Enquirer: 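Questions regarding the structure given below will be posed in turn.
Fair warning: this is a prediction, and the values are worked out from it, not measured in the lab.
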Amino acid sequence: DKNEIVDLEFFFNLLRDHTGDTSEKPHYSKEHTICGLETEVSQVFQLRDWLPDRMRSVRWTAMATPCTSVYIPWYWGVKTQRRKDDSLWKLFRELSLQTENDYGARSVIVGRRFGKLQTKIFTRVSKIEKSAAQKTKVKRKRMLNRFCINQRIVAEKIAVSLKGSW
């Protein structure tokens, strides 16, 4: 539809698409889907030239299969924190593979949990950007860095709890 608004959620949903396959294991379907088990990371880049430095470019990243993950914003120049025990990707990959064991039921649970978080992140992004735009460059960078890392930590906790419940 030419009147449809193309926004971040549109792209996130597009990258999570299984071309309408509602089978128990859509990643093993004969259909060639955008979202597949071979997906290692999914990213959407948001470029906005009207915002101050460090806020113009946002890399939204979902680890492993986007249908079993959440898109976390990473602003230009923000340093990511590494997990001490293992990579964040490995955690989400394991969650993805565990979800595959009962995709019909588990994908609904995973989708619900990460869907709520995604909504919260969208709400928080607009608030943090409004506040950060008023700060000095140094404070802006620190604020955005803290925000991104906190969203990653929340997503990680959800993934750990989901993975541990199966």
Enquirer: List the atom pairs, with distances to 0.1 Å, where a side-chain N or O of residues 109-118 and a protein N or O form a donor-acceptor pair under 3.5 Å, not counting sequence neighbours.
Expert:
| residue | atom | partner | partner atom | Å |
| --- | --- | --- | --- | --- |
| Gln118 | OE1 | Tyr71 | N | 2.8 |
| Gln118 | NE2 | Tyr71 | O | 2.9 |

Enquirer: Identify, with sequence neighbours excluded, every residue that meets salt bridge (Lys or Arg N to Asp or Glu O under 4.0 Å) alongside Arg142.
Expert: none
Enquirer: For Thr61, which residues count as a side-chain contact (heavy atoms from CB on, under 4.5 Å) partner, sequence neighbours excluded?
Expert: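 Thr61 satisfies side-chain contact (heavy atoms from CB on, under 4.5 Å) with Val41, Gln43, Arg59, Met63, Trp74 only.
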Enquirer: Hey, are the side chains of Arg56 and Trp76 touching, using non-hydrogen atoms and a 4.5 Å cut-off?
Expert: no
Enquirer: Please examine the side chains of Asn150 and Val154, heavy atoms only from C-beta on, and report whether any two atoms are closer than 4.5 Å.
Expert: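 Sidechains of Asn150 and Val154: no contact.
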Enquirer: What residues form a salt bridge (Lys or Arg N to Asp or Glu O under 4.0 Å) with Glu100, not counting sequence neighbours?
Expert: none
Enquirer: Decide whether Gln151 and Arg124 meet the rule of one side-chain donor and one side-chain acceptor closer than 3.5 Å.
Expert: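 A pair is found: one side chain offers a donor N or O, the other an acceptor, under 3.5 Å apart.
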Enquirer: For Gly36 and His27, work out which heavy atoms get closest and say how close.
Expert: CA-CD2, 3.6 Å
Enquirer: Measuring only between side-chain heavy atoms, which start at C-beta, is Thr65 closer than 4.5 Å to Phe92?
Expert: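 Of all side-chain heavy-atom pairs linking Phe92 with Thr65, none is under 4.5 Å.
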Enquirer: For a salt bridge (Lys or Arg N to Asp or Glu O under 4.0 Å) check, start with the C-alpha distance between Arg16 and Glu9, then their side-chain angles and the critical distance, and finish with the verdict.
Expert: CA-CA 10 Å; Arg16 289 181 175 120; Glu9 283 187 276; over 6 Å; no
Enquirer: Restricting to side-chain contact (heavy atoms from CB on, under 4.5 Å), what partner residues turn up for Thr136, sequence neighbours left out?
Expert: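 side-chain contact (heavy atoms from CB on, under 4.5 Å) list for Thr136, sorted by chain: Val138, Lys139.
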Enquirer: Ala105: what forms a side-chain contact (heavy atoms from CB on, under 4.5 Å) with it, not counting sequence neighbours?
Expert: Asp102
Enquirer: Can you find a pair of side-chain heavy atoms, one from Phe147 and one from Pro73, that are under 4.5 Å apart?
Expert: yes
